Amino acid sequence: MKFFSLICFLLIGLHSSAQAFSFVDTSTILVKTTDESPAHWYLEIFNDIAVNTTLRWKASFDPNLPPQWVITFDDQNNFHNPVNDGDSADFTLYAAPSFPQKLIIGGILNNTAGTASVYFDIYDPADPSFVQTIEYRFIITMGSGTWGTNELTQEEQWYLQSGRTFTFSDDFNSNEIAFYDTSGKCVYTSSIDANVITVPSTITKGVYFIRMKSGNTFYSSRIVL
């Protein structure tokens, strides 16, 4: 009986001290233009002990990060928007996901070029002796568009919103407009006919970004449905 208890104790000790997670890659570089906002990519995190495990992330920003950028983070438990320097949250590292779990960075660029990194410390809050720091480096250059240079003025000039109905100038007839959610996923597109579009009720209420190209100019704005 004592021998069995000793084995159990050793097994528990080995399990508690085992490193719970790992990364194959710990940094990624996003080379984008301001036309490609929101910019997002991911790093995969792997479970090394085959047990659902609570981990914590904590963000730290490069001092050169442009204040116009809005950083988001998806740990595949929750989508965090925005993420600020020093923010942290717990998430579950799943034991056996169908696909490797991804930690997804997002950057809403607001027509601002720059080069900067966002870092995340990943660790087990119950055993913070091991910390893995991952880096997402943004290299953003100016795109061909001019959208967002003076966003409030442009909003008044290029569309009017009344609820779910958007009215545009004659110059935008037959152009296509796209709606993106805050994760960067395109959720709706429509051709502008007779200066007006009405967003269907199947698009849920919330914050979206609308984007349209007219000639060589991109137009984009944040809207609320």
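Model, not experiment: these values are computed from the prediction. Just so you know, these numbers use all the heavy atoms, side chains as well, and skip hydrogens, waters and symmetry mates.
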message: Under 6.0 Å between ring centres: does that hold for Phe73 and Phe79?
response: no
message: Asn175 vs Phe168, test: side chain to side chain contact (heavy atoms under 4.5 Å, CB included). Steps then yes/no.
response: CA-CA 10 Å; Asn175 287 355; Phe168 304 88; over 6 Å; no
query: Only one of Thr54, Val131, Leu55, Leu93 clears side chain to side chain contact (heavy atoms under 4.5 Å, CB included) with Asp124; which?
result: Leu55
message: Is it the case that the side chain of Glu36 and the backbone of Pro38 share a donor-acceptor pair, with hydrogens and angles ignored and the cut-off at 3.5 Å?
response: no
Any Asn64 side-chain heavy atom under 4.5 Å of Thr115 side chain: no
query: Taking atom CG of Asn81 and atom CD1 of Ile108, what is their separation to the nearest 0.5 Å?
result: 5.5 Å
task: Please tell me if the side chains of Ile29 and Phe138 come closer than 4.5 Å, counting only heavy atoms from C-beta onward.
output: no
message: If we ignore hydrogens and angles and just use 3.5 Å, is the side chain of Asn110 paired with the main-chain N or O of Gln68 as donor and acceptor?
response: yes
- request: Tell me, with the steps shown, if Tyr208 and Val224 meet side chain to side chain contact (heavy atoms under 4.5 Å, CB included).
  value: CA-CA 6 Å; Tyr208 294 91; Val224 179; over 6 Å; no
field: Minimum heavy-atom distance Trp69-Ala113, with the two atoms named
entry: CZ2-C, 4.2 Å
message: I'd like to know if the side chain of Asp193 reaches the main chain of Ile197, judged simply by a donor and an acceptor atom lying under 3.5 Å from each other, with no hydrogens or angles considered.
response: no
message: Rounded to the nearest 0.5 Å, what separates atom CG in Leu30 from atom OH in Tyr42?
response: 11.5 Å
Closest non-hydrogen atom pair, Tyr188 against Thr198: OH-O, 3.8 Å
- prompt: Is there a path from Tyr123 to Leu43 through hydrophobic residues (I, L, V, M, F, W, Y) whose side chains come within less than 4.5 Å of each other?
  reply: no
message: Test your reading of the model: is there a side-chain donor-acceptor pair from Asn77 to the backbone of Thr92, 3.5 Å cut-off?
response: yes
message: Any donor-acceptor pair under 3.5 Å linking the side-chain atoms of Glu135 with those of Ser117?
response: yes
message: Please evaluate residues Gln132 and Gln19 with respect to the criterion side chain to side chain contact (heavy atoms under 4.5 Å, CB included), reporting the C-alpha separation (whole Å), side-chain torsions for both, the decisive distance (0.1 Å), and the verdict.
response: CA-CA 11 Å; Gln132 178 67 68; Gln19 183 178 316; 5.9 Å; no
task: Working to the nearest 0.5 Å, report the span between CG of Asp121 and OG1 of Thr133.
output: 3.5 Å
query: Should Asp74 and His40 be marked as a side-chain hydrogen bond (donor to acceptor under 3.5 Å, both in side chains) after you check the CA-CA gap, both sets of side-chain angles, and the distance that decides it?
result: CA-CA 10 Å; Asp74 187 343; His40 60 274; over 6 Å; no
- prompt: What pair of heavy atoms forms the shortest contact from Ala178 to Thr189, and how long is it?
  reply: CB-CG2, 3.9 Å
- prompt: Charged N to carboxylate O below 4.0 Å: is that the case for Asp90 and Arg56?
  reply: yes
- request: Could you verify whether a donor N or O on one side chain and an acceptor N or O on the other, from Ser22 and Asp48, lie under 3.5 Å apart?
  value: yes
- line: Between the CD1 atom in Ile140 and the CG atom in Leu109, the distance rounded to the nearest 0.5 Å is 5.0 Å
query: Side chains of Ile71 and Leu65: does their closest heavy-atom pair fall under 4.5 Å?
result: yes
message: For Asn47 versus Ala95, what's the shortest heavy-atom pair and its separation?
response: ND2-CA, 3.5 Å
- prompt: Under a single-linkage definition using a 4.5 Å side-chain heavy-atom cutoff for Ile, Leu, Val, Met, Phe, Trp and Tyr, are Tyr94 and Trp57 assigned to the same hydrophobic cluster?
  reply: no
field: Test item: Arg137 side-chain N/O and Ser27 main-chain N/O as donor-acceptor pair under 3.5 Å
entry: no
- prompt: Would you say the side chain of Asp62 lies within less than 4.5 Å of the side chain of Val118, judging by non-hydrogen atoms?
  reply: no
task: Of all the heavy-atom pairs spanning Thr204 and Leu225, show the shortest one and how long it is.
output: O-CD1, 4.3 Å
- prompt: In terms of hydrophobic clusters joined by side-chain contacts under 4.5 Å, are Tyr119 and Ile122 together?
  reply: no
message: Check for me, please, whether Ile192 and Val187 land in the same ILVMFWY cluster - side-chain distances under 4.5 Å, paths through other members count.
response: yes
field: Distance (rounded to the nearest 0.5 Å) between Ile203 CD1 and Ser190 OG
entry: 10.5 Å
query: Does Asn195 use its side chain to pair, donor to acceptor, with the backbone of Thr167 at less than 3.5 Å?
result: no
- request: List the steps and the verdict of side chain to side chain contact (heavy atoms under 4.5 Å, CB included) for Phe21 and Phe130.
  value: CA-CA 10 Å; Phe21 67 95; Phe130 174 76; 3.5 Å; yes
message: Testing the basics here: between Pro100 and Gln76, what is the closest heavy-atom pair and its distance to 0.1 Å?
response: O-OE1, 4.3 Å
query: Considering the options Asn78, Leu103, Thr53, which one meets the side chain to side chain contact (heavy atoms under 4.5 Å, CB included) requirement together with Phe91?
result: Leu103
query: If only atom types and distance count, is the side chain of Thr33 paired as donor or acceptor with the main-chain N or O of Asp35 below 3.5 Å?
result: yes
query: Got a second to check how far Met142's CE is from Thr112's OG1, nearest 0.5 Å?
result: 7.5 Å
query: Any idea how Tyr136 and Phe120 line up, ring-wise: parallel (<30°), tilted (30 to 60°), or perpendicular (>60°)?
result: perpendicular
query: Should the pair Phe166 and Phe179 be assigned to parallel (<30°), tilted (30 to 60°) or perpendicular (>60°) ring geometry?
result: perpendicular
- request: Indicate, with yes or no, if Phe46 and Val51 share a hydrophobic cluster defined by side-chain heavy-atom contacts under 4.5 Å among Ile, Leu, Val, Met, Phe, Trp and Tyr.
  value: no
